[in-house]
Amino acid sequence: MADSDDIHLLPRSERREALAEILSREFKACLLMTEEEEFPPEENFFDLGLTSLRVMELKQRLESLLNCEISSNVLFNSPNLARLTEHLATDVLPGLFDEPAR
C-alpha cells in the first residue's frame with residue numbers, strides 16, 4: 001500500500017488506485033473500521049455514520065497528508081469515496097495523474 005509521500009513515485013497507471021487506498025484508510029480510521037472491513041466507495045459518508053464535524057476533521061487530515069486544499073463543498077455535495085477520488089485526481093492533483101504532453 002502506497003503512502004501519500006510515495007504516490008508520485010508510482011507509475012501513473014497505479015496512482016489513482018493508491019489515492020483511493022489512502023482515502024479509504026483515512027475514512028476507515030475515522031469510522032473505527034478495521035483494516036479487514038471493506039469501505040464502500042459509492043456509499044454516502046453520512047450514511048456510514050460520519051458527522052459534519054468529523055468530515056471537517058478528516059478534510060484537514062487529508063489536506064495535510066496530500067499537501068493540497070480540498071473544497072468543503074465537494075465533501076458535502078458529493079460525499080462518497082469514488083467521487084472524492086475522482087475530484088482529487090482530476091481537479092486538485094491533476095499533475096500526478098495526467099499523462100505528460102508529448
Nearest atoms (heavy-atom pairs only) where Arg83 meets Asn77: NH1-O, 4.3 Å

From Leu62 atom CG to Phe27 atom CZ, the distance as rounded to the nearest 0.5 Å: 6.0 Å

Whether over 12 other heavy atoms sit under 6.0 Å from Asn67 CG: no

Short side-chain to backbone donor-acceptor contact, Arg16 and Ala89, under 3.5 Å: no

Ile70/Leu84 under side chain to side chain contact (heavy atoms under 4.5 Å, CB included): CA gap, chis, key distance, verdict: CA-CA 9 Å; Ile70 300 171; Leu84 179 58; 4.2 Å; yes

Between CD on residue Glu38 and NZ on residue Lys28, distance to nearest 0.5 Å: 6.5 Å

Side-chain donor or acceptor of Asp6 paired with backbone N/O of Leu9 under 3.5 Å: no

Contact summary for Leu19 and Ile7, nearest pair of heavy atoms: N-CD1, 3.6 Å

Approximate separation, where rounding is to 0.5 Å, of Leu58 CG and Leu50 CG: 7.0 Å

Pair Phe45 and Phe76, ring centroids less than 6.0 Å apart: no

Residues Glu26 and Arg61 bridged, charged N to O under 4.0 Å: yes

Residues in side chain to side chain donor-acceptor pair (under 3.5 Å) contact with Glu42, at least two apart in sequence or another chain: none

Expected output: side-chain Ser24 to main-chain Ala20 donor-acceptor under 3.5 Å: no

Non-neighbouring partners of Glu57 that pass side chain to side chain donor-acceptor pair (under 3.5 Å), sequence neighbours left out: Arg54

Flag side-chain contact, heavy atom, 4.5 Å: Pro79 against Val55: no

CZ-CD1 distance between Arg15 and Ile22, expressed to the nearest 0.5 angstrom: 11.5 Å

All side chain to side chain donor-acceptor pair (under 3.5 Å) counterparts of Glu17, not counting sequence neighbours: none

side-chain contact (heavy atoms from CB on, under 4.5 Å) partner of Leu88, chosen from Thr90, Thr85, Val92: Val92

Closest approach of Phe97 to Arg12 (non-hydrogen atoms, all atoms of both residues): N-NH1, 3.9 Å

Whether Lys59 side chain and Leu75 backbone form a donor-acceptor pair below 3.5 Å: no

Heavy-atom pair with the smallest gap, counting every atom of Pro40 and Leu48: CG-CD2, 3.8 Å

Main-chain N/O of Glu69 paired to Glu63 side chain as donor or acceptor, under 3.5 Å: no

